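First the structure, in the form of structure tokens, and then the observations on it.
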Amino acid sequence: MVSRCPMITIQNLNLSVGNFRLKDISFRVKKGEYFILLGPTGCGKTMLAESICGLNIPQEGLIFIGGREVTGIDPSKRKIGYVPQDYGLLPFKTVLQNIAFGLQARGHGQRQTRQRTSEVLEMLNIGHLKERMPTHLSGGERQRVALGRALAIEPDVLVMDEPLSALDESTCTELMKQLKMLHSRLDTTFFHICHRLEEALTLGDAIALMRNGRMEQIGEAQEVFSRPRNSFVAGFLQLPNLIEGEVQRTPSGNVFSIDGVHLKHTELPEGKTYAVIPLQKLVLCSEHPGEKKGFVVFECRVEENYTDVHKSGLRVKGQIELVVPGIFSEKDWSPEKKVFVKFPLSKLHLISEEDSGLSPKTL
Amino acid sequence: MRLSKEEKDEEKESIGSASRLCIVVNRSLFDFGAIAVLVLYSGFIALLLGANLFYLGGDVTKDGFGYIAAIFQSADIRYAACLTLWTSLLSGILAMLFAVPCAYALSRTKFWGKSVLDMFVDTPIILPHIVVGVTLLVFFRTAIGSAIQSLGMQFVFAPPGIVLAQFVCVSPYAIRTVKSSLDGVDKRLEDVSRTLGWSPMQVFLRVTLPMIRNGIVAGGVIAWALAMGLYGPMMVFAGTTRQKTEVLSTSIYLELSVGQIGTALTISMLMVFFAMAALFVFKKLAGGQSLW
């Protein structure tokens with residue numbers, strides 16, 4: 001269960017390794033939270049995770065775990081379970097010995113170690129693998145063993161660095177279910193690094209997004225997806241219905257407009273601007289729904305009525321191009337059909353391009 | 001003549017397969033050329049060794065295997081063989097005692113001046129071995145060197161000097177072998193072990209050391225094999241006094257100088273045998289490669 005008190009607190013962390021630098025990173029992870037750290041390859045996610053584990057000592061800033069300052073403290077004294085990207089299983093030890101390795105370090109007796117390893121093997125359904133060597137395991141099995149080894153020491157925080165990236169789709173789905181189950185059963189805070197949106201959406205209570213050693217946005221998963229802070233975040237999250245427009249200066253103030261149609265007053269400066277339209281707020285009509293204050297209606301034509309195994313919907317295009325999720329009969333919603341799309345202006349989230357300097361279309 | 005779409009596709013496909021074939025042929029020719037050079041070089045080395053065997057074979061045919069047995073019954077040669085064996089083993093062990101911590105420091109730590117120390121480690125590799133001998137001789141004439149000798153252990157023209165000269169010359173190879181083995185260990189294994197609760201020293205003993213076991217054995221074997229064959233610094237620093245500081249490599253020189261080519265060759269072939277055995281073990285353990 002997610003508590004209000006923070007489990008991890010990072011304050012103004014600055015760390016340089018070679019030419020790369022983590023710049024002024026600050027955030028909090030609540031106790032019991034499933035925290036997802038997203039970002040493109042090479043943005044500094046692993047460096048940040050290693051700093052939390054104590055494997056990198058920041059040049060500036062503070063790290064607190066469970067209210068205790070641990071910035072310069074040795075990794076062995078932090079009570080963090082770490083699952084690195086390639087799992088880091090000791091190749092000369094069996095699965096059982098790998099899982100027991102941390103318990104031995106913490107001075108557990110033989111009986112205690114045996115009992116705890118049995119619990120972990122059972123919890124992760126890997127009892128049948130206990131005598132095997134890591135080289136004789138599949139990717140999914142290795143991942144479970146690494147998870148078991150990290151969880152065996154009953155850590156306050158479980159740090160996982162792209163734990164699912166090297167696995168096939170079905171193993172990935174299965175392990176995501178297992179991670180969700182483990183998170184709900186255990187009193188541990190999960191810190192999960194990934195670059196796949198599916199993982200973030202399925203598992204995360206909170207999401208942070210990094211780029212070039214900086215935090216771009218941190219917040220609850222729903223908030224980050226519905227109100228991206230800048231065009232980089234929106235682009236990285238592959239948000240559908242990101243519309244390009246511009247902010248123009250008018251006598252009544254700055255106004256966001258698309259193709260000359262004034263939509264909404266804004267504080268944003270003049271220039272190219274993007275608008276995110278939340279999917280759940282879109283209304284699709286086959287006839288003009290009539291003008292209503294606070295709403296805008298665009299006339300479009302159906303471009304594509306798509307259906308695949310995982311998703312279906314309509315792609316419509318007019319002054320703007322939008323995706324409307326749902327199941328639409330091919331007979332009534334065929335390509336070239338004229339349709340009207342309505343959405344509330346209040347839910348239109350505007351992003352100035354200057355926030356990131358990067359167009360989402362280029363990402 | 002106009003070609004239909006199918007004919008055009010067929011033509012494209014045949015051109016494609018022809019160019020693929022051309023690449024295969026070219027690559028095969030290139031590989032063939034490289035293999036030919038390799039065979040030529042290896043053949044030359046094998047021929048050199050074969051020439052020794054052929055020469056020795058003539059003596060054996062004439063005098064029988066008793067000829068070789070007589071060589072090893074000589075008190076001088078037996079003394080030299082024993083001295084070679086224990087000095088090279090001792091210097092190999094000493095080299096490894098220094099190699100592991102030195103290699104660890106070079107592979108795992110960062111500190112100011114590391115590149116300078118790294119350069120000093122490699123210096124004995126590029127120095128002519130005879131220069132090492134001269135340097136050692138000069139060192140023991142300085143105040144520090146004389147003070148060390150006055151403590152009771154004689155190095156100049158004495159067996160401890162043989163060990164010291166061997167140690168100086170073979171240590172860089174031992175350090176490099178262990179370092180390359182350490183470089184090959186995934187640092188994440190050590191990182192994870194530290195988060196599990198082990199101290200850096202415990203991680204080294206329980207994770208790193210088992211991972212580089214083969215590298216350590218390989219380093220030891222190469223150090224021992226090189227130490228056995230050292231000649232230059234022995235001549236200058238330890239001397240070639242029979243039954244005192246004569247090792248097998250200097251025996252060869254002494255035997256040749258008195259015209260005993262057969263004896264010199266027999267000792268040479270014994271050393272070739274040890275060197276080949278050491279190389280076999282080294283290749284198996286250090287690179288995980290097959291000799292074939």
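What you see is a predicted model; the values in this text were computed from it and never measured. Chain A is the first sequence line, chain B the second, and so forth, proteins listed ahead of strands; every chain is numbered from 1.
- For the set A/Val83, A/Leu89, A/Ile153, A/Asp86, the entry with the most heavy-atom pairs within less than 4.5 Å of chain B is A/Asp86.
- Contact of A/Phe92 with chain B is made through the side chain alone, with heavy-atom distances under 4.5 Å.
- Top candidate by heavy-atom pairs under 4.5 Å with chain B, chosen from A/Ala146, A/Pro75, A/Gly107, is A/Pro75.
- Between chain B and the residues A/Leu90, A/Leu103, A/Val159, the largest count of heavy-atom pairs under 4.5 Å involves A/Leu90.
- Atom CD of A/Glu119 has more than 12 heavy atoms from other residues, nucleotides or ligands within 6.0 Å.
- Under the 4.5 Å side-chain criterion, counting only non-hydrogen atoms from C-beta, A/Arg142 is not in contact with A/Val145.
- The candidate from B/Val207, B/Val203, B/Asp186 with the greatest count of non-hydrogen atom pairs under 4.5 Å with chain A is B/Val207.
- For the 3.5 Å distance criterion, the side chains of B/Ser193 and B/Trp198 fail to qualify, holding no donor opposite an acceptor.
- For the residue pair A/Thr171 and A/Asp168, a side-chain donor N or O sits within less than 3.5 Å of a side-chain acceptor on the partner.
- In this structure, the portion of A/Leu55 lying under 4.5 Å from any heavy atom of chain B is its side chain and not its backbone.
- Between A/Arg196 and A/Glu199 there is a salt bridge, since a side-chain N of the basic residue sits under 4.0 Å from a carboxylate O of the acidic one.
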